[in-house]
Enquirer: 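The following block contains the structure, expressed as structure tokens.
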Amino acid sequence: MTILVKDATIVTMNRDKPLIKHGYAFVKDGQFEQVTEGDPSAEWLSKAERVISAKGKWMLPGLVNTHGHTGMALLRGHSDDLPLHRWLEEKMWPFEAKQDQKAVKAGRALALVEMIQSGTTTFLEMYHLFMDDFAEMIEKVGMRATLMRSMIGLCSKEEQETKLKEAVSFAKTWHKQANGRIQTMLAPHAPYTCPPPFISRIVEEAKQLDLPVHMHLAETKKEVDDHRQQYGFHPLEHLEQINVLSAVPWLFAHGVHMPKREIERLSLYDTAISYNPKSNLKLGSGIAPIHDMHEKGITIGFGTDSVASNNTLDLFEEMRLGNLVQKGINQDSTLMPAALTLEFATINGAKALRFADIGEINIGQQADFILLDADKAHLQPDIHVQSHLVYAAKGSDVTDVYVQGKPLMEQSTLLTLDEEKIRFEAKEQYQRICKLT
Ligand SMILES: [Zn+2]
């Protein structure tokens with residue numbers, strides 16, 4: 001299928017030419033064959049099987065969500081206003097222990113609807129249940145994802161090995177599948193839930209498979225204090241001590257409690273950080289030193305975490321809040337300019353997830369893109385596009401979503417998911433699980 005998008009204002013995320021005020025893009029075999037200014041010639045028009053007018057719309061790369069747990073999507077609003085450790089142990093884990101295949105599937109479908117509707121085309125899923133089902137669902141729906149069967153190591157060695165076997169088998173089966181739209185990683189849940197020898201085992205397997213490792217890190221002060229008390233190190237320094245930091249590429253979620261020395265350490269290795277400002281604020285965990293990490297050259301992408309601690313998957317909210325709190329805590333309004341914030345949500349997020357050819361609208365890149373309705377009152381005067389995208393736009397401004405040149409949403413209608421049915425089932429499954437004892 002060839003597609004021509006014309007009359008478009010294109011946010012390319014290409015540093016040489018970040019904005020094309022009036023241009024067009026030609027998509028062939030899921031990739032951009034042309035992206036340029038002006039109007040398409042008769043030749044381009046004749047080559048296109050579909051012509052889309054983007055008049056009054058802004059075109060930008062699909063957004064990238066670098067950390068989440070869609071398997072927890074039914075838990076939106078299930079528990080608020082508790083400290084993280086109590087929230088996890090008393091509310092999340094007991095509900096999750098009751099979730100079966102149907103419930104997890106219903107939640108995930110709901111999460112996909114929400115992500116597509118708010119312009120996310122690529123996301124990361126770290127979860128332990130029914131990952132094969134989910135990979136199949138994503139393959140059908142048409143999104144792009146980095147998937148992993150996450151592991152908690154607070155169990156016997158035999159159980160640890162069983163989990164690892166499952167995780168490895170899943171990673172091998174699905175890596176680079178769905179026409180390259182699915183990639184995998186291995187994922188120890190966190191340093192406080194995985195003893196060091198288990199983390200070493202996981203990294204050993206990841207190295208053999210040539211896969212990155214994803215893990216929660218330094219999310220709360222308590223976690224870091226407890227780790228220091230138990231082992232004598234900050235969790236990151238501990239990973240260095242057991243020689244796993246240099247063994248594979250890492251993507252850490254959160255990194256809220258990172259003293260200067262640890263940021264320095266992070267910069268010495270092949271690492272990236274998933275910045276989850278809303279989840280970190282809601283759980284009272286703090287604000288990650290993102291400005292300092294960025295200054296040290298660390299790759300940073302935005303993550304939402306799950307809707308149990310966010311409570312939306314709208315990356316426009318994440319961008320705006322994540323930007324504003326950095327200015328606030330550093331008392332410096334010049335930090336994290338809009339263009340950089342957009343990089344975190346697109347090209348840098350793609351880098352963090354190790355997708356080489358998404359995050360930009362450029363010739364040769366995968367055609368993952370979204371269109372926003374720029375005619376809304378809160379986007380006027382519609383001159384300062386990058387500024388509006390960060391400081392004014394909402395996920396609900398997104399009207400069209402494409403992945404690999406295939407439409408997933410057109411003029412606000414989802415094409416590969418039945419939204420009404422999914423909303424109904426999500427509520428039904430949540431109520432069913434709540435009643436189980
Ligand atoms: Zn998380």
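By convention here, the first residue in the shown sequence is residue 1. What you see below is based on every heavy atom in this structure, not just the backbone, and it leaves out hydrogens, waters and symmetry mates. Every number for a ligand or one of its atoms is a count from 1 in the order of the listing.
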Enquirer: Would you please indicate if the ring centroids of Y430 and F95 are separated by under 6.0 Å?
Expert: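 Y430 vs F95: aromatic centres under 6.0 Å.
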Enquirer: Quick check on the 6.0 Å ring-centre criterion: do H234 and H227 meet it?
Expert: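 Judged by ring-centre distance (under 6.0 Å), H234 and H227 do not meet the cut-off.
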Enquirer: For a side-chain contact (heavy atoms from CB on, under 4.5 Å) check, start with the C-alpha distance between S306 and T70, then their side-chain angles and the critical distance, and finish with the verdict.
Expert: CA-CA 6 Å; S306 84; T70 63; over 6 Å; no
Enquirer: In D305, which N, O or S atom comes closest to the Zn ion (ligand 1)?
Expert: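 The D305 atom nearest to the Zn ion (ligand 1), restricting to N, O or S, is OD1.
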Enquirer: Report yes or no: is the cationic atom of R320 (NZ for Lys, CZ for Arg) under 6.0 Å from the centre of the six-membered ring of Y391, at an angle within 45° of the ring normal?
Expert: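 No cation-pi geometry.
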Enquirer: May I ask you to check whether H254 brings an N, O or S atom to under 2.8 Å from the Zn ion (ligand 1)?
Expert: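 No N, O or S atom of H254 is closer than 2.8 Å to the Zn ion (ligand 1), so no.
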Enquirer: To the nearest 10 degrees, could you say what angle the Zn ion (ligand 1) makes with NE2 of H69 and NE2 of H216?
Expert: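 Roughly 100°, rounded to 10°.
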